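Predicted model, so just to flag it, every value in this text is computed and none were measured. Just so it is clear, the values below take in all heavy atoms, side chains as well, and ignore hydrogens, waters and symmetry mates. Atoms within each ligand, like the ligands themselves, are counted from 1 in listed order.
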Amino acid sequence: MSDYQAPVRQMRFTIEHLADFPAVAALPDFSAVDLDTVESVLEEAAKFAGNVLAPTNWIGDQQGVRVVDRAVQVPQSFTDVYVQFCEAGWPGIASNPEFGGQGLPKTVSLACDEMWAAANVAFALCPELSQGAILAMDRHATDELKQTYLEKLVSGQWAGTMCLTEPQAGSDLSSLTSTAEPNGDRYLVRGQKIYITWGDHSMAENLVHLVLARLPDAPPGTRGISLFVVPKFKLNADGSPGEPNDVFPVSVEHKLGIHASPTCVLAFGDEGGAEGWVVGKPNEGLAAMFTMMNYMRLGVGAQGVGLSDRSYQKSVVYARDRVQGRAPGEKGRVAIIRHPDVRRMLLLMRTLTQASRAICYYTASCLDRASHGADAEAAAQWQSRADLMTPIAKAWCTEVAQEATELGVQVHGGMGYVEETGVAQYYRDVRVASIYEGTNGIQAIDLVGRKLLRDGGATVSAFVSDMRAADAPLANAGEELAAVRAALSRALDELVQSSTYLVAGEKRDPELVSAAAFDYMMLIGTVIGGWQLARGALVALEQMAAGGDKAFLGTQVVMARFYAEHVLPRCSAHAAAVRAGSASTMALAAENF
Ligand SMILES: Cc1cc2nc3c(=O)[nH]c(=O)nc-3n(C[C@H](O)[C@H](O)[C@H](O)COP(=O)(O)OP(=O)(O)OC[C@H]3O[C@@H](n4cnc5c(N)ncnc54)[C@H](O)[C@@H]3O)c2cc1C
């Protein structure tokens with residue numbers, strides 16, 4: 001039996017009740033998608049993730065990747081799995097049907113992304129990047145480029161990459177120096193890109209690099225960056241891959257985790273220039289690339305959920321099996337799952353995972369409602385909500401994934417620290433999720449600077465009002481959810497006070513945003529997670545009253561209570577740190593660190 005069983009029932013519950021699936025299914029583009037479709041997609045994905053992908057995870061970690069003769073070699077099992085992944089149609093489940101995709105809502109496909117990441121995150125990054133590239137090209141490329149590339153990307157025959165980072169340009173892309181020189185109907189791209197995920201491989205027959213570079217007359221800074229599509233192999237007249245283009249992997253990084261995902265240094269144009277075509281308007285490439293980056297950010301959040309869940313599953317099995325010590329009222333020695341401290345760890349893992357799952361799926365649902373809504377005004381409101389949620393989904397969910405996977409190691413004791421159990425790998429693999437696609441610090445600054453302050457707190461206030469609407473049904477639920485109601489209400493008060501403090505304090509203290517952003521991000525993420533678990537508990541109580549399954553539904557209620565009592569109190573600490581401002585943070589001179 002596979003050691004990863006996707007929690008299909010929990011996912012379905014989350015999609016239906018916490019990501020507002022009925023509202024998504026009511027959108028004209030999704031009229032053919034009902035809960036039965038959702039269920040069968042999840043069941044099939046779960047089989048693929050558990051039976052095909054998960055068994056290659058450990059092998060990939062051990063074998064890693066290498067560069068031989070200017071080409072990256074990946075484990076053979078990955079190539080075999082990639083073929084099966086494409087044959088089963090998984091690359092295109094959420095893509096535009098015009099190019100062969102199945103057009104499913106993101107609310108559903110994100111659950112599949114969670115499963116791919118849980119099963120084998122190093123592999124999952126490859127199709128994930130292709131999806132981001134498809135979306136960016138679908139939105140911004142000319143019809144001719146779309147016709148040339150999209151069908152092949154959607155089928156998985158070709159794979160996409162994302163080439164932003166350079167040695168001197170990481171978080172700060174304004175300093176990137178790669179160039180693109182016009183040459184007839186195309187451009188010659190030159191420069192070095194670093195840390196390019198799946199930057200070279202031969203699982204797909206061609207690679208489609210989306211590259212940021214500067215035109216000769218481009219203004220400095222972010223307003224002078226353009227986006228180019230650069231194929232690994234130039235295309236023959238019939239569109240098939242031909243001669244190699246001038247782009248090669250120089251090396252792959254040796255890193256803490258995701259060993260089987262090639263993280264490449266790529267040289268563009270060392271032998272004259274890599275042929276590329278501009279995507280979107282010249283000098284507006286960063287905006288086009290943001291389509292891909294925002295897509296990837298939500299995907300990275302889902303990676304955190306998947307790895308937390310897999311670590312949780314392994315930890316439960318171990319805790320049931322491992323016998324150590326005694327417990328009050330029990331005869332003889334007990335399995336460690338009996339000990340309150342082990343239960344504390346398991347419940348923290350489980351509730352943080354479910355809260356982050358609900359945050360990610362809800363973000364996907366906001367995106368579906370923004371992109372497919374018929375009413376322009378409502379769609380714009382959902383877009384604002386999605387813009388607010390994206391940095392939270394990326395940063396909060398990956399921060400708590402560090403905690404959950406670390407707890408997975410701890411539950412295993414010494415066995416967690418040795419590699420054979422696999423939980424150490426999840427901890428290593430998830431570490432990068434706080435770094436790539438914009439570090440969590442940068443996400444938090446984006447959240448406060450752009451999403452909170454830019455409209456004077458209006459988007460956050462509207463969301464707080466929606467969350468406060470849970471108060472009345474929580475009150476009606478009586479004693480069972482009284483602690484949840486009280487903790488959520490307190491946490492929402494902390495959020496409102498901290499938001500007001502930041503909106504009022506920005507002008508007074510220019511360092512405030514950067515100093516307070518991380519705690520604010522953790523605060524709002526923790527509150528939204530508590531709101532989602534409370535909603536889940538309300539649905540569960542209702543369904544139990546109607547005779548529903550007590551084990552599954554009762555668990556939703558316990559999760560909400562545990563989170564309210566053990567996680568929501570963290571909001572007070574985050575709020576206090578926000579309101580402490582920047583004074584002590586900035587008090588030391590750099591030489592005194
Ligand atoms: C395994 C892996 C895969 C990757 N895949 C890709 C890929 O496919 N394509 C791609 O283009 N890139 C990729 N990256 C690059 C990744 O996106 C960058 O590493 C990331 O954006 C951070 O940039 P940096 O490493 O230069 O760190 P820096 O920008 O040097 O940041 C270092 C620290 O300073 C902080 N910091 C920086 N600027 C500020 C600021 N203004 N305010 C506050 N704090 C700040 C950061 O938060 C961070 O903690 C990958 C990286 C890794 C490790």
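Closest to atom 3 (C) of ligand 1 among all protein heavy atoms lies T197 OG1, 3.2 Å. In this structure, the protein non-hydrogen atom closest to atom 42 (N) of ligand 1 is I445 CD1, 3.7 Å. For atom 20 (C) of ligand 1, the closest non-hydrogen atom of the protein is I435 O, 3.7 Å. The protein heavy atom nearest to atom 53 (C) of ligand 1 is V432 CG2, 3.7 Å. The single protein non-hydrogen atom nearest to atom 15 (C) of ligand 1 is T165 OG1, 3.3 Å, given as residue, atom name and distance. Protein heavy atom at the shortest distance from atom 49 (O) of ligand 1 is T439 CG2, 4.5 Å.
In terms of the ring pair (Phe, Tyr, Trp, His ring centres under 6.0 Å) criterion, residue partners of H201 (sequence neighbours excluded) are, by chain and number, W198.
Checked by atom type and distance alone, the side chain of D200 never pairs as donor or acceptor with a backbone atom of A71 at under 3.5 Å.
Less than 4.0 angstrom separates atom 33 (C) of ligand 1 from none of the non-hydrogen atoms of the protein.
Of all atoms in ligand 1, listed by their number and element, those nearer than 4.0 Å to a heavy atom of M162 are 7 (C), 8 (O), 9 (N), 10 (C), 11 (O). If you number the atoms of ligand 1 from 1 as listed, the ones under 4.0 Å from a heavy atom of I196 come out as 7 (C), 8 (O), 9 (N), 10 (C), 11 (O). Each of the atoms 17 (O) of ligand 1 lies under 4.0 Å from some heavy atom of E437.
Of the candidates Y436, Y195, W198, F518, it is Y195 that places a heavy atom closest to atom 13 (C) of ligand 1. Compare S171, G170, G132 by their heavy atoms: the one nearest to atom 28 (P) of ligand 1 is in S171. When the heavy-atom distances from atom 40 (C) of ligand 1 to I258, I442, L164 are ranked, the shortest goes to I442.
A salt bridge is absent between K234 and E243; no separation between the charged side-chain nitrogens and carboxylate oxygens falls under 4.0 Å. Taking 4.0 Å as the cut-off between side-chain N and carboxylate O, E205 and K232 do not count as a salt-bridged pair. The residues R310 and D3 are annotated as salt-bridged, a charged nitrogen and a carboxylate oxygen being separated by less than 4.0 angstrom. Checked for salt-bridge contact, D387 and R450 miss the test: no charged N lies under 4.0 Å from a carboxylate O.
A side chain to side chain donor-acceptor pair (under 3.5 Å) with K394 holds for exactly one of T439, N440, T363, N294; it is N440.
We find the CE-CG distance between M292 and L164 to be 8.5 Å, quoted to the nearest 0.5 Å.
For the pair R70 and F248, the distance from NZ or CZ to the six-membered ring centre is under 6.0 Å and the angle to the ring normal is within 45 degrees.
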